[in-house]
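A, B, ... follow the sequence lines: proteins, then strands. Residue 1 opens every chain. Note: hydrogens, waters and symmetry copies are ignored here, and every other heavy atom, side chains too, is used.
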2 protein chains.
Amino acid sequence: MPDPTPNPDGKLSRAAAQRLSQYLRFARTLAEADGTVSSVELAGAVGVSAAQVRRDLASLGHLGQRGVGYDAGGLVEALRKAIGVDRRWRVVLVGVGNLARALLKYRGFVDHGFDLVGLFDSAPGTIGTVVEGLPVEPMSNLAAAVKRLRAELGVLTVPADAAQSVADAMASAGLKGLMNFAPVRIRVPAGVSVVPVDLAIQLEQLAFAVHFNEPDETGVAKE
Amino acid sequence: MPDPTPNPDGKLSRAAAQRLSQYLRFARTLAEADGTVSSVELAGAVGVSAAQVRRDLASLGHLGQRGVGYDAGGLVEALRKAIGVDRRWRVVLVGVGNLARALLKYRGFVDHGFDLVGLFDSAPGTIGTVVEGLPVEPMSNLAAAVKRLRAELGVLTVPADAAQSVADAMASAGLKGLMNFAPVRIRVPAGVSVVPVDLAIQLEQLAFAVHFNEPDETGVAKE
DNA sequence: CGTTGTGAACTCATTCACAGCT
DNA sequence: AGCTGTGAATGAGTTCACAACG
């Protein structure tokens, strides 16, 4: 039967968006240095096929020049826009433990356009302390603070058993995206996105890959 | 294109293996309590379709009973074996910073069958200190220690600029799988697997999902 | 009944191969 | 010459729908 949707061009899959992030990282390192990158270079750096790179980039518009390649600077701009990081994002963090402290020290956070503007916790001993220049506020302040700070994203670094209720609070405070480090799947209202960062599952993936000696991931090894 | 060993036994894709981990987590919570789980329950818990669950589980052998469901205990066993976590794994960690300290405190590590047996760092001030009960050894000990401890996996929590050379050292020390927290792609010899845990890219994925209001992830909200 | 397992259909993603521009 | 963009072919992964079975 006839083709309800013969048109393949349209939306970016999640996996595709992840590749864009990787192209962006590589293009950024070249942006100052030189003028152009080829699909073959990008492919080698990221570990995908050159055809894949061209297909991905072509879906963003005509930003290559035939016979020449892609202008590094222009590519960075286009990728930033396509991913949604052509602006800065304001982020709050809930759950100030070791992991949070590690994240706060991580420069890549701010380097990639994410500004941590608020810290929250429920432990009386932690509330009021200052971590990496930011005071830790009680959870009861969350909703008001999100509004005041105009934060849109939240990082969730609380224990598993608290994760769902904290996620509920973050969603109803108006945050639109949550990065969840707790090893549980959290449910959120429609309109809120969640990116899980689940170490337990990643560990199991590593065991799986080793146990069955999968070549793994972004393109294997030369040698 | 460049893949001399495409899929040895040709079985489970990476994405499928990740779903298995999620089924396992859910089945574990039920294993003591009740007898059986249905594909619909699993699907709801993990956020995939029931048909997907059945297809995945059927690929592991006939472990369901028609008209009844899957025995929770048996499912846990089968999933453990399929993923490769029906045994314990010995893990060393290189780069003892805040992130490492957070990981060391994370109980899920040992709960999932991963034993951290060695810590390594190159900073003289850190070497010799004891963190969570383990002494931090110099990098020069790595190769001998990996052999002595019979470690197979490594966690890489060093800064980006050191990541590749540390990865080289870890691979030549005989580790077969690396969990890489550094925000760079590392190259490893054939036979070594890498699971990247890249916060910068995950952050960008979050921005992407929110910016284009993707429902995201494992199927979110029904309504 | 209810629920699994699975051929078949289908959708989505990737690679091929080459036309078209520089 | 070199390199991109893209139809067409291929492949991977997912859902449909129902037979098979307790």
Exercise. Taking atom types as modelled, find out whether B:Asp198 and B:Gln202 have a side-chain donor-acceptor pair closer than 3.5 angstrom.
Key: no
Side-chain N or O of [X] closer than 4.0 Å to phosphate OP1/OP2 of [N]:
X       : N      : value
A:Ser38 : D:dC3  : no
A:Ser13 : C:dA13 : yes
B:His62 : C:dT6  : yes
A:Tyr70 : D:dG5  : yes
B:Arg66 : C:dT6  : no

Exercise. Taking all non-hydrogen atoms of both residues into account, name the closest pair between B:Leu93 and B:Leu103 and its distance.
Key: CD1-CD1, 4.4 Å
Can you tell me the distance, in whole Å, between the [atom1] atom of [X] and the [atom2] atom of [N]?
X       : N      : atom1 : atom2 : result
B:Leu60 : C:dT6  : CG    : P     : 12 Å
B:Arg14 : D:dA12 : CZ    : P     : 17 Å
B:Arg54 : D:dC18 : CZ    : P     : 14 Å
A:Asp56 : D:dT6  : CG    : P     : 13 Å
B:Leu12 : D:dG13 : CG    : C1'   : 13 Å
B:Gln52 : C:dA9  : CD    : P     : 20 Å
B:Gln65 : D:dC21 : CD    : P     : 13 Å
A:Glu41 : D:dG2  : CD    : C1'   : 12 Å

Quiz item: 5'-most contact on DNA chain C: B:Gly61 or B:Gly67, nearest heavy atom basis?
Solution: B:Gly67
Quiz item: Of B:Leu63 and A:Arg55, whose nearest nucleotide on DNA chain C comes first from the 5' end?
Solution: B:Leu63
Self-check item: B:Arg19, nearest nucleotide to its side chain (from D:dT14, C:dC16, C:dT6)
Solution: D:dT14
Self-check item: Closest to side chain of B:Ser39, choosing from D:dT15, C:dT15, C:dT4
Solution: C:dT4
Quiz item: Salt-bridged, A:Glu204 to B:Arg80, with N to O below 4.0 Å?
Solution: no
Self-check item: Salt bridge present between B:Asp115 and B:Arg90 (N-O < 4.0 angstrom)
Solution: no
Quiz item: Counting N and O atoms only, with roles assigned by atom type, does the side chain of A:Trp89 sit under 3.5 Å from a partner on the main chain of A:Gly84, one being a donor and the other an acceptor?
Solution: yes
